[in-house]
Amino acid sequence: MTVTGEHLLLYEQPPLLRIAGDAIRPGGLDLTDRAMSLCALEPGAWVLDAGCGQGATVEHLASRYRLRAVGVDPSAFLLRAGLERAPSAPLIQAVGEALPVASDLFAAVFAECTLSLMDRERALAEFHRVLHDDGWLILTDMYARDPAGAAELRHLPVRSCVAGAVSREELIASVTAHGFSVRLWEDHTDALKRFAARLIWEHGSLANFWQCAAQTDGSVLDGAVTLSRPGYYLMIAQKSRD
């Protein structure tokens with residue numbers, strides 16, 4: 001994830017972390033479990049969490065499902081917090097667009113509210129490279145239910161999932177163009193609404209949250225986000241055989 005200019009990293013800000021918890025995303029580990037219920041992953045399989053943050057998913061996959069889970073994230077701040085809690089956790093500082101791992105290694109790649117923070121095309125190419133044939137790509141993230149409003153999100157002075165949101169059609173087209181077959185798309189916008197409700201409860205309004213977290217005019221950010229009618233999805237895709 002490359003941060004340009006003076007863009008603030010929302011996922012490192014205390015006003016968000018206080019509400020989001022270790023998983024730092026709508027739906028939390030419940031959506032991870034939902035994906036696991038739909039994918040055939042045997043204990044001992046190697047899996048990668050691209051954008052692992054503090055390592056919550058890595059720990060969950062290892063302890064509950066007995067998977068060999070590895071996490072990568074560019075944020076030294078979040079990785080440090082994760083390693084303070086679990087010093088032996090396999091968490092590596094790296095970006096999703098240039099994974100420091102061998103090709104055809106993983107049975108699954110998770111990117112939970114992180115693909116929208118990356119260069120999507122480069123990241124999908126890397127996910128395809130590191131997955132073995134029939135490997136699973138598991139995405140949860142924001143998307144724009146009104147594509148006409150999504151263009152305004154690119155101008156937000158903050159790096160966040162919502163700033164990288166695009167339409168469902170654009171997402172599916174990108175995933176399939178990189179050699180994946182989409183097996184499932186589920187709308188989980190209710191999880192996003194519950195997440196937003198917690199932010200409102202804490203700050204009084206979403207505009208106040210943006211003001212506090214992004215240190216800029218919260219009403220402007222809130223207006224731009226509202227125009228895109230943000231939603232939240234779970235997508236499961238499978239690497240096609242060559």
Side-chain angles (χ1 to χ4, degrees), residues 1 23 25 27 29-53 55-74 89-143 161 164 166-188 232-242:
M1 306 174 203
R25 61 180 180 271
L29 295 172
D30 288 343
L31 284 186
T32 306
D33 290 334
R34 169 62 178 159
M36 285 296 300
S37 74
L38 298 167
C39 297
L41 289 172
E42 297 293 332
W46 285 96
V47 298
L48 176 71
D49 184 11
C52 64
T57 293
V58 171
E59 294 180 48
H60 185 68
L61 293 174
S63 62
R64 179 165 183 171
Y65 298 100
R66 293 181 291 151
L67 298 172
R68 296 179 180 179
V70 178
V72 299
D73 199 283
L91 307 180
I92 303 165
Q93 188 170 14
V95 296
E97 300 93 331
L99 297 169
V101 297
S103 299
D104 306 313
L105 175 62
F106 292 103
V109 170
F110 290 76
E112 297 174 305
C113 211
T114 58
L115 181 62
S116 56
L117 291 163
M118 304 177 193
D119 180 314
R120 186 173 68 250
E121 305 308 321
R122 290 175 56 206
L124 288 170
E126 275 291 87
F127 298 165
H128 187 274
R129 179 184 69 80
V130 303
L131 282 167
H132 61 55
D133 286 346
D134 297 327
W136 298 99
L137 175 60
I138 297 162
L139 305 174
T140 60
D141 217 329
M142 306 272 284
Y143 76 106
C161 293
V166 296
S167 70
R168 171 182 173 173
E169 292 74 20
E170 185 172 345
L171 283 164
I172 291 176
S174 290
V175 169
T176 55
H178 284 278
F180 293 98
S181 298
V182 176
R183 304 303 187 195
L184 174 84
W185 169 284
E186 284 185 347
D187 186 277
H188 287 274
Y232 205 75
Y233 70 90
L234 164 65
M235 183 196 296
I236 297 177
Q238 200 166 18
K239 180 177 175 177
S240 304
R241 289 182 177 270
D242 294 335

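Model, not experiment: these values are computed from the prediction.
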Determine whether [X] and [Y] make a side-chain contact, defined as any pair of heavy atoms from C-beta on separated by less than 4.5 Å.
X      : Y      : answer
Tyr65  : Leu41  : no
Trp136 : Ile236 : yes
Thr114 : Asp141 : no
Val47  : Val58  : no
Phe110 : Cys52  : no
Leu171 : Tyr233 : yes

For [X] and [Y], indicate whether the former's side chain and the latter's backbone hold a donor-acceptor pair under 3.5 Å.
X      : Y      : value
Glu97  : Arg122 : no
Ser181 : Ser240 : no
Asp73  : Gln93  : no

* Return the orientation label for the His128 and Phe180 ring planes: parallel under 30°, perpendicular over 60°, tilted otherwise. => perpendicular
Which of Ile92, Val101, Leu61, Leu91 passes side-chain contact (heavy atoms from CB on, under 4.5 Å) with Val70? It is Ile92
Result for side-chain contact (heavy atoms from CB on, under 4.5 Å) between Met235 and one of Val175, Leu115, Leu184 points to Val175
Determine the minimum heavy-atom distance between [X] and [Y], stating which atoms define it.
X      : Y     : answer
Met36  : Leu67 : CE-CD1, 3.8 Å
Ile138 : Cys39 : CD1-SG, 3.9 Å
Leu234 : Ala35 : CD1-CB, 4.2 Å
Phe106 : Leu48 : CD2-N, 3.7 Å
Leu105 : Trp46 : O-CB, 3.9 Å

d(Arg66 CZ, Glu42 CD) to nearest 0.5 Å is 9.5 Å
For residues 101-113, the side-chain hydrogen bond (donor to acceptor under 3.5 Å, both in side chains) pairs (sequence neighbours left out) are Arg25-Glu112, Thr32-Glu112, Thr57-Glu112, Ser103-Arg129, Asp104-Lys239
Side chain to side chain contact (heavy atoms under 4.5 Å, CB included), that's the test. Do Val182 and Thr176 meet it? Break it down for me. CA-CA 7 Å; Val182 176; Thr176 55; 4.0 Å; yes
Val95 and Asp119: side chain to side chain contact (heavy atoms under 4.5 Å, CB included), yes or no, with the steps? CA-CA 10 Å; Val95 296; Asp119 180 314; over 6 Å; no
So does Arg168 pair up with Asp187, basic N to acidic O under 4.0 Å? no
Sorted by chain and residue number, the side chain to side chain donor-acceptor pair (under 3.5 Å) partners of Arg183 (sequence neighbours excluded) come out as Gln238
Residues at least two apart in sequence or cross-chain that pass salt bridge (charged side-chain N to carboxylate O under 4.0 Å, His left out) with Glu186, listed by chain then number, are Arg34
